[in-house]
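Below: one structure, written as structure tokens.
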Protein chains: 2
Amino acid sequence: MVGPVDIMSIGVIDVPSRKSLFVNRIEEQILTGRMKVGDSLPSERQLEEETHISKTVIHAGLVELEQKGFLEITPRRGAVVANYEETGTMETLNALIRLNGGNMTKKQTRSFLEARIAIEGSALQRLCENRTEDDIRYLEAIIDEADRLLESEHVDEAALAEVLFRYHRGICVRSRNEFFPLLLNEFRPIIMEFWLRSIHRFGAVSNVHLAKRYLDFIRSRDAAGAFRRLERSVKEYLDSIDG
Amino acid sequence: MVGPVDIMSIGVIDVPSRKSLFVNRIEEQILTGRMKVGDSLPSERQLEEETHISKTVIHAGLVELEQKGFLEITPRRGAVVANYEETGTMETLNALIRLNGGNMTKKQTRSFLEARIAIEGSALQRLCENRTEDDIRYLEAIIDEADRLLESEHVDEAALAEVLFRYHRGICVRSRNEFFPLLLNEFRPIIMEFWLRSIHRFGAVSNVHLAKRYLDFIRSRDAAGAFRRLERSVKEYLDSIDG
DNA sequence: GTTTTTCATCTGGGCCGACCAGTTGATTAA
DNA sequence: TTAATCAACTGGTCGGCCCAGATGAAAAAC
């Protein structure tokens, strides 16, 4: 049952699709500035010839790049590099960060945390003012999941980050604002990365403890206190990466 | 030059792509509840047969629906209708509102304006604190565009809404937060609809005047005043739709 | 009768080369 | 100088092919 070699593990080799290779190549050209905003791309046929990838795949790749906000395609006219500060969405930013190996710059981190205070802070205050017993039970159930993960010998950090994401999205869901949870979904990859780093930096227990702290504020309907706590924890995180 | 009929204008007929027709059909089925969360979709080959659209296009459409948060596709298993409150993004919401003829419910409007205060309010305060002369010039240039539109006999409302969008996104851009402008792009269809309604309700002049008012606060670095003004104008809009 | 194995069938993922219908711009005709 | 023509080029679509994993019923082993 065990293969001939079980000392050195090779690991899976996942073959990247031609489409993703093509998309990454173009993204790279754009983000490094080799292709500038307004530049026309070669036609799909030219790209087919150049890359030895079929036109269908090229076409699908270009459409994907358009959805990400990198290109502007006009049927039967061609594709040009879009001003992705104008047309870009969070997906564009996610692609940008992913291309940088998942690392955000300090400015991006600061921007992210500002956005977090703006959105989650607003949700938190609304929830404190309008919470019901059912909201408390809903959030407690998620905290219980986190506690169960902490009981294990080796804490599954990815799973804990996922639970923390669901908890904070839960705050947005229960704030009765239909937009806030959707915005958090938009941020999802970035937020997950953030929680992973936060777990590494401050430990699993500490992060779950902080989550419980917010629940206390919600219970006692202390909107101002909750907001101050959020601001403080963001400030602590920023200080920790500056040092 | 002029066709045989120039009294009644026909207007361009832009032929929708098969992919978009397919995507809209499925969205409709989901949003009207004919397909419920968890329901399995027919296989790509069945859909091909049923719709007479090739598998290539069907596949591309399903991938788009997954990105919009409407479907959850598992390779070699099939696609099921996703819980779009969980997986949805702003694109999902845009589709939902578009399907409703661009009309938001009162709760959606309230949610939108709360989100606007959270995001643009935060940007406004940051900008007031850190503005440069160049920021002022940048925003003044956009205001000039709006003024030019006002000079015309019949104000082009769609164009003005577009300029107002660019102005308020400009505030986010110049706030030096990389996330805020992208979030506004995400909202774009909703925001455009909002400005159109605001122009109808309060008039073109009044909306441009308010935009200039924000510029005053930014010039005098009055962050608190700017925020209060934003809150007030949102409140006025909410009152006007309640009445 | 119960468990295990086998294997035909179905799924989405990926790719290809050909064809379709609008756009464009130089050439031709008026 | 102007208008009509049309070949070349564009993105969009097509149907077919193969791949590898999932599925479940039939066959084999117990």
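Chain letters run A, B, ... following the sequence lines, proteins first and then strands; every chain starts at 1. Note that the structure is predicted; figures quoted are calculated from it, not measured.
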Exercise for review: Starting at atom CD of Glu66(A), determine the distance to atom C1' of dG12(D), rounded to an integer number of angstrom.
Suggested key: 13 Å
Exercise for review: Please state how far atom NE2 in His52(A) lies from atom P in dC16(C), giving the value in whole angstrom units.
Suggested key: 11 Å
Exercise for review: Select from Thr56(A) and Arg77(A) the residue whose nearest nucleotide in DNA chain D is closer to the 5' end of that strand.
Suggested key: Arg77(A)
Review point. Using a cut-off of 4.0 Å on non-hydrogen atoms, how would the nucleic acid contact of Ile53(A) be classed: base, sugar-phosphate, or nothing?
Key: sugar-phosphate
Point to revise | Phosphate-side-chain proximity, His59(A) and dG11(D), N/O vs OP1/OP2 below 4.0 Å | key: no
Point to revise | Side chain to side chain, Arg188(A) and Thr89(B), heavy atoms closer than 4.5 Å | key: no
**Study point:** Distance-only donor-acceptor test, Lys55(A) side-chain atoms vs dG12(D) base atoms, 3.5 Å
**Key:** yes
Check your understanding: Gln46(B) or Ser54(A): which one's nearest nucleotide on DNA chain C is closer to the 5' end?
Key -> Gln46(B)
Review point. Is there a donor N/O on one and an acceptor N/O on the other, under 3.5 Å, for the side chain of Arg76(A) and the base of dG12(D)?
Key: no
Review point. To the nearest Å, how far apart are Glu48(B) CD and dC14(D) P?
Key: 9 Å
Practice item. Send over the distance from Leu41(B) CG to dG12(C) P, rounded to a whole Å. Key: 9 Å
Check your understanding: Are Arg110(B) and Glu178(A) close enough, and set up right, to give a salt bridge (Lys or Arg N to Asp or Glu O under 4.0 Å), and what steps lead you there?
Key -> CA-CA 9 Å; Arg110(B) 192 173 293 273; Glu178(A) 299 186 15; over 6 Å; no
Exercise for review: Show your reasoning for whether salt bridge (Lys or Arg N to Asp or Glu O under 4.0 Å) applies to Glu49(B) and Arg45(B).
Suggested key: CA-CA 6 Å; Glu49(B) 201 173 346; Arg45(B) 283 164 182 82; over 6 Å; no
Review point. Is the His168(A) ring parallel, tilted or perpendicular to the Tyr214(A) ring (thresholds 30°, 60°)?
Key: perpendicular
Practice item. Quick one: label Arg45(B) by what it contacts on the DNA or RNA (base, sugar-phosphate, nothing), any heavy atom closer than 4.0 Å. Key: base
Review point. Once you round it to whole Å, what is the distance between C1' of dT11(C) and CD1 of Ile58(B)?
Key: 15 Å
Check your understanding: Rounded to the Å, how far apart are Leu47(A) CG and dC9(D) C1'?
Key -> 14 Å
Revision key, fill the gap. Lys19(B) NZ to dC20(C) P, in whole Å, measures 22 Å
